[in-house]
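Each residue takes its place number in the sequence, starting with 1.
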Amino acid sequence: MPAALSSSLSSALSSALSSALSWLVFGLSCALVAAGGALGGADPVDAAVALGFTPLGAYLTARRRGGAVGPCCLVTALGAVAYFADSYALRPGLPGGRWAAWVGAWAWAPALLTVGGVLLLLVPDGRLPGRAWRPVAATGVTATAAFTVVAALVPEGPDRPFPVEALAPVRDALPAVIVLLAAVSLACAAGLVVRTARAQGERRTQLLWICLGAGAFVAGVFLPAVTRLPAAGVPFILALPACVGVAMLRHDLYGTGPWLRRVLTLGLLTGALALLYFTVSGLTGAHVAAAAAVAVAVEPLHRWLRRASVRILYGGRADPETVHARLGARLAATSEPAEILAAVADAAAEATRAAYVRAELGAPGEPLKVAERGTPAPLGVSVPLRFQDEVLGVLGLSGGDVRVLTPLASHAGAALAAAHRAAALQRSRTLLVTAREEERRRFSRDLHDGLGAFLAGIGFTVDAAGNALTADPERARGLLTQIRTQVAEAGAGVRRLVRGLRPPELAQLGLAGAVEHTAATLGAGGVEIDVTAADVSGLPAAVEVTAYLVAREALTNAVLHGEPRRCAVRLGRTEDGTGFELGVRDDGRGLPPEALPGVGLTSMRERVEELDGKLTIDAAPGGGTVVTAWIPL
């Protein structure tokens with residue numbers, strides 16, 4: 001069996017096993033609470049903790065969401081064990097009552113203390129907020145374990161099945177453990193409040209709900225002691241899982257929205273159809289009429305309930321699946337870059353209901369296209385628009401959750417890649433036309449004001465020399481000397497024009513010779529520069545000029561700014577003959593991470609991209625910089 005298939009099967013089996021075990025724990029908790037309720041008399045707080053948190057733990061563990069939050073919630077199943085054990089011990093005459101009382105004396109502690117301490121530190125991601133919280137988490141776990149051991153083994157009376165007399169002195173340390181647990185709970189609660197204050201957008205709303213539920217939970221734990229009513233704290237204890245549920249339903253915590261929407265729609269549809277069937281059957285007494293009414297109502301009722309479930313789960317926001325479907329339809333119907341970007345902006349505005357949405361296509365600060373929705377405002381959340389590790393632009397909101405934008409950005413990546421290339425091509429054409437017309441204007445000016453003036457002056461001087469040739473030979477000789485000087489100046493002007501069209505080194509030495517000449521000039525200061533050229537003959541003129549200018553600029557940057565001891569230049573056709581590759585590597589200090597591309601780097605990149613090539617600038621292993629250019633042939 002291939003390793004990949006074996007790994008996939010192992011992962012699937014592990015996922016199915018964890019899902020089955022988690023729901024089994026929830027089922028056993030419900031059964032124990034039901035059995036304890038039938039016996040009656042125990043503290044309902046333990047039952048509330050178990051029934052409130054085990055379904056959440058089972059769901060998160062089964063779907064592998066929330067990290068350690070799911071297993072921590074499943075620990076509360078011990079509360080159901082404590083509730084059933086206490087209820088069993090309170091019924092006289094039942095066998096094993098002493099053992100049940102012993103289990104009830106300690107089983108509640110891990111359930112309640114885990115929720116009141118470590119769980120508040122882990123929600124909602126299941127990870128510690130930072131390394132500084134590791135001692136707090138370790139202290140909480142240790143103190144919870146110590147309290148449980150003390151409650152289970154330290155002798156308290158004749159009902160303990162096997163008291164450990166050697167641990168009797170530990171009883172005096174129990175108040176210190178309780179104080180330590182209270183300090184850990186306060187620290188975890190304070191950390192939750194601080195994280196809520198620092199959060200932004202949708203995450204802050206999620207944490208606000210959890211903070212509200214945590215405050216109610218703490219109040220519910222202490223309320224029975226104040227009011228002396230055992231059931232007084234139950235609604236407050238259930239407030240924490242209820243608030244987490246609201247964050248899951250209305251604010252897409254753990255990405256539960258689409259799955260819960262389908263479950264909610266089917267549940268409401270089943271209940272509505274059952275009600276319709278029994279109502280019609282009861283009024284008419286005809287089961288056939290009731291079945292016909294259900295058959296007629298099922299489709300419109302399903303559509304209406306689907307919209308209702310979207311309103312329940314997402315409030316004013318649109319269903320993400322619907323947004324993605326509409327975005328896909330719009331992207332399939334258009335190929336214009338502006339329309340594609342507008343479709344992405346519309347989808348983001350529909351999915352988030354943000355006051356301001358801005359979508360940019362192109363480099364930051366120099367966008368090729370921009371689409372805006374709403375009133376301009378500072379952007380609070382933004383994600384890159386990318387395709388195959390290439391950043392194409394940015395999608396930003398004035399406020400919201402980055403997790404809402406990420407699927408949209410990923411969904412639109414391929415279409416935006418085509419739009420980006422089309423916009424970049426159009427911009428390149430515009431720059432090419434502009435550069436061509438500017439070059440023509442420069443040639444026209446140089447020819448008219450420079451060479452043209454010289455030639456006109458030579459013509460006048462020739463006429464003057466001809467007129468003076470008989471009457472004043474000396475003057476004619478002087479004019480001829482002046483003509484020679486003017487012709488030399490005109491020739492120099494022509495050479496300057498030719499040099500502007502193509503580097504003279506290329507015309508005289510070829511590509512390899514021109515690069516070697518540049519290397520010799522730059523290496524005169526003590527830098528060793530090796531040039532390796534293979535099969536560079538017969539290249540197109542544009543490729544030759546670009547390769548030479550990129551190599552010259554890369555070597556100049558390395559020698560002037562990198563302080564290298566050695567540089568290596570490699571140029572030639574690729575092995576398959578479909579492209580030309582140039583590499584410049586130095587062992588200098590390299591580019592700093594925060595360095596911004598200057599005129600030279602930008603010019604190199606633009607020259608290569610004009611020929612549909614690719615330029616990369618990376619750090620060399622062991623230090624230095626590697627500049628690599630690939631140009632198709």
### Message
Strictly distance-based, threshold 3.5 Å: is any side-chain N or O of W106 a donor or acceptor partner for the main-chain N or O of W102?
### Response
yes

### Message
Quick check for you: to the nearest 0.5 Å, what is the distance between I210 atom CD1 and T205 atom OG1?
### Response
11.0 Å

### Message
How long is the straight-line distance from CG of L56 back to CG of L60, given to the nearest 0.5 Å?
### Response
4.5 Å

### Query
Is there side-chain contact between L90 and L39, with heavy atoms separated by less than 4.5 Å?
no

### Query
If only atom types and distance count, is the side chain of T76 paired as donor or acceptor with the main-chain N or O of C73 below 3.5 Å?
yes

### Query
Do you know which two heavy atoms are closest between A89 and A101, and how far apart they sit?
CB-N, 3.7 Å

### Task
Can you measure from CG (L78) to CG (L112) and round to the nearest 0.5 angstrom?
11.5 Å

### Message
For A143 versus V177, what's the shortest heavy-atom pair and its separation?
### Response
O-CG1, 3.7 Å

## Note on the structure
Shortest non-hydrogen pair, Y83 vs P44, comes out as CE1-CA, 4.1 Å

#### Entry: Minimum heavy-atom distance L32-A80, with the two atoms named
CB-O, 3.9 Å

### Query
Step by step, would you call L94 with R91 a side-chain contact (heavy atoms from CB on, under 4.5 Å)?
CA-CA 6 Å; L94 294 178; R91 296 296 292 265; 3.4 Å; yes

### Query
Which pair of heavy atoms, one from T148 and one from A109, lies closest together, and at what distance?
OG1-CB, 3.8 Å

### Message
If you take the centroid of each ring, where Trp contributes its six-membered ring, are F84 and W108 closer together than 6.0 Å?
### Response
no

### R358 side chain to R373 backbone, donor-acceptor under 3.5 Å
no

### Derivation and outcome, side-chain contact (heavy atoms from CB on, under 4.5 Å), residues L128 and R134
CA-CA 7 Å; L128 294 176; R134 290 182 179 179; 3.7 Å; yes

### Task
With the side chain counted from C-beta on, respond yes when V118 and C188 share a heavy-atom pair under 4.5 Å apart, and no when they do not.
no

### Query
With distance as the sole test, does S185 use its side chain to make a donor-acceptor pair with the main-chain N or O of G116 at under 3.5 Å?
yes

### Query
Given side chains that start at C-beta, do those of C30 and F26 come closer than 4.5 Å, heavy atoms only?
yes

#### Entry: Heavy-atom donor-acceptor pair, R195 side chain to V123 backbone, under 3.5 Å
yes

### Task
Among V25, V69, L74, find the one that has a side chain to side chain contact (heavy atoms under 4.5 Å, CB included) with T61.
L74

### Task
Kindly give the heavy-atom pair with the smallest separation between A62 and W23, and that separation in Å.
CB-NE1, 3.5 Å

### Message
Donor-acceptor pair, distance only, cut-off 3.5 Å: does the side chain of T142 make one with the backbone of T139?
### Response
no

### Task
Go through the steps to decide whether L122 and C72 satisfy the test side-chain contact (heavy atoms from CB on, under 4.5 Å), and finish with yes or no.
CA-CA 9 Å; L122 296 175; C72 284; 3.8 Å; yes

### Query
What distance separates L212 CG from T196 OG1, expressed to the nearest 0.5 Å?
11.0 Å

### Query
Any donor-acceptor pair under 3.5 Å linking the side chain of W133 with the backbone of L121?
no

### Query
Going from SG on C243 to CG on L208, what distance comes out if it is rounded to the nearest 0.5 angstrom?
10.5 Å

### Message
Is there a side-chain contact between W99 and Y88 in this structure, where contact means two heavy atoms from C-beta onward sitting under 4.5 Å apart?
### Response
no

### Message
Any heavy-atom pair between the side chains of V244 and W209 that's under 4.5 Å?
### Response
no

### Query
Say you draw a straight line from CG of L186 to CG of L120; how long is it, rounded to the nearest 0.5 Å?
10.5 Å

